[in-house]
Colleague: 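Let me give you the structure first, and then I'll get to my questions.
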Amino acid sequence: MTRTTVTTTGHYGDMNRLMSLMTGDEKHGPAATSTLDVLWVLYDRVLRVTPGTVEAPDRDRFLLSKGHGPMAYYAVLAAHGFFGEELLPGFGTYDSPLGHHPDGTLVPGVEIGSGSLGHGLPLGVGSVLGLRAQGLADPRVWVLVGDAELDEGSNHEAIAYAGPAGLEQLHTVVVDNASASHARPGGIAARFEAAGWSVASVDGRDHEALFAAFTAPHPGRPHAVVAHVAPKS
């Protein structure tokens with residue numbers, strides 16, 4: 001598939017400043033910052049969606065399943081022009097569209113409401129099936145999940161189905177910040193491999209490694225990237 005360069009209005013160096021505009025006890029700092037580099041590389045270099053194409057049928061879809069820590073997500077969206085950064089200081093307040101969980105009906109560029117763990121990957125499977133039903137083979141669906149979130153049974157069903165179904169348009173990024181209570185035999189990558197997925201494991205802070213993993217060819221198979229990170233303070 002061809003890749004299209006996304007127009008950027010901000011820079012990665014702006015992220016600390018933008019995230020510092022969001023305050024409050026419910027910002028889930030470690031959960032949010034563990035996703036920062038993954039989100040930046042996706043929106044800056046991979047995803048084919050812009051503020052002007054958020055309703056276009058052929059856009060890529062990004063689903064933040066790990067929705068309980070959206071601070072980095074909001075900062076990346078603001079940096080790429082989906083909404084103005086003046087909204088960031090209102091994060092989590094009564095009349096702000098930027099809630100503690102992202103709302104797909106309120107925030108430009110957000111595809112789903114999320115935060116209840118385990119919903120994003122099944123929704124990603126359904127999104128790909130819906131695109132196929134419409135004859136849209138080019139848009140890609142990306143889902144970001146957390147390592148502990150994979151304990152949800154709905155994720156196992158989605159993983160088990162997507163491989164044999166050959167959902168090539170489906171991409172999953174697992175941000176592994178060692179928050180899961182119980183390790184999986186063989187590790188996270190082995191779970192996807194056993195279900196017939198293409199899998200890559202990378203340093204989740206290394207932008208070039210992330211880009212290479214995100215854009216690796218995987219004909220006929222869904223693709224999972226396990227991004228290992230240590231949470232930023």
Side-chain angles (χ1 to χ4, degrees), residues 1 3 31 34-43 45-48 60-67 69 72-73 111-112 114 117-132 137-180 182-230:
M1 294 181 181
R3 295 192 296 272
S34 67
T35 67
L36 175 59
D37 297 277
V38 165
L39 288 165
W40 181 264
V41 174
L42 282 173
Y43 274 92
R45 303 173 64 180
V46 178
L47 290 173
R48 297 173 300 190
D60 285 346
R61 278 78 166 165
F62 173 78
L63 313 182
L64 181 68
S65 189
K66 189 179 177 177
Y73 185 36
E111 296 281 354
I112 60 169
S114 61
L117 300 182
H119 291 177
L121 191 51
L123 285 171
V125 169
S127 296
V128 171
L129 294 176
L131 290 168
R132 281 186 170 187
D138 198 39
R140 300 165 300 184
V141 176
W142 293 80
V143 184
L144 191 156
V145 304
D147 56 328
E149 187 180 1
L150 289 181
D151 289 340
E152 302 291 338
S154 54
N155 281 325
H156 289 281
E157 293 179 17
I159 294 167
Y161 174 82
L167 300 188
E168 183 180 345
Q169 289 165 266
L170 181 63
H171 304 72
T172 299
V173 186
V174 182
V175 173
D176 181 7
N177 59 357
S179 62
H182 305 288
R184 285 168 183 77
I188 292 172
R191 174 69 185 91
F192 287 90
E193 289 171 343
W197 289 55
S198 165
V199 184
S201 295
V202 297
D203 179 347
R205 301 294 187 196
D206 186 329
H207 289 197
E208 293 306 317
L210 285 167
F211 179 71
F214 292 160
T215 56
H218 49 96
R221 295 193 290 168
H223 186 51
V225 176
V226 182
H228 301 280
V229 300

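Quantities reported herein were computed from a predicted structural model and do not represent experimental measurements.
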Colleague: With rounding to the nearest 0.5 angstrom, report the CZ to OG distance, Arg205 to Ser34.
Modeller: 6.5 Å
Colleague: Can you see which heavy atom on Pro122 is nearest to which on Ser154, and at what distance?
Modeller: CG-O, 3.7 Å
Colleague: In the structure I gave you, are the side-chain heavy atoms of Leu129 and Leu167 within less than 4.5 Å of one another anywhere?
Modeller: yes
Colleague: Which pair of heavy atoms, one from Ala195 and one from Ala160, lies closest together, and at what distance?
Modeller: CB-CA, 4.3 Å
Colleague: Which heavy atom of Arg48 sits nearest a heavy atom of Pro139, and at what distance?
Modeller: NH2-CA, 4.2 Å
Colleague: Taking all non-hydrogen atoms of both residues into account, name the closest pair between Leu150 and Phe192 and its distance.
Modeller: CD1-CE1, 4.2 Å
Colleague: Atom CG in Leu64, atom CG in Leu39: separation rounded to 0.5 Å?
Modeller: 6.5 Å
Colleague: Under 3.5 Å, is there a donor-acceptor pair between the side chain of His218 and the main chain of Trp197?
Modeller: no
Colleague: Knowing that exactly one of Val173, Ile112, Leu121, Val143 qualifies, which makes a side-chain contact (heavy atoms from CB on, under 4.5 Å) with Ser65?
Modeller: Val143
Colleague: Could you check whether any side-chain heavy atom of Lys66 comes within less than 4.5 Å of a side-chain heavy atom of Val175, counting everything from C-beta outward?
Modeller: yes
Colleague: Check for a donor-acceptor pair, side chain of Asp60 on one end and backbone N or O of Arg140 on the other, with a separation under 3.5 Å.
Modeller: yes
Colleague: Salt bridge or not between Glu208 and Arg45? Use side-chain N to carboxylate O under 4.0 Å.
Modeller: yes
Colleague: Looking only at heavy atoms, which two atoms of His228 and Ser201 are closest? And how far apart?
Modeller: NE2-CB, 3.9 Å
Colleague: Is the closest side-chain heavy-atom distance between Val229 and Asp37 below 4.5 Å?
Modeller: no
Colleague: Between Trp40 and His207, is there a side-chain heavy-atom distance shorter than 4.5 Å?
Modeller: yes
Colleague: What pair of heavy atoms forms the shortest contact from Ala162 to Leu170, and how long is it?
Modeller: CB-CD2, 3.8 Å
Colleague: Hey, does Arg61 have a side-chain heavy atom less than 4.5 Å from the side chain of Leu131?
Modeller: yes
Colleague: Taking Glu168's backbone N and O only, do any of them form a donor-acceptor pair with His223's side chain (distance below 3.5 Å, no angle check)?
Modeller: no
Colleague: Are Ser114 and His119 close enough that some pair of their side-chain heavy atoms sits under 4.5 Å apart?
Modeller: no
Colleague: Side-chain contact, heavy-atom cut-off 4.5 Å: Val225 with Phe214?
Modeller: yes
Colleague: Does a side-chain heavy-atom distance below 4.5 Å link Leu144 with Tyr73?
Modeller: no
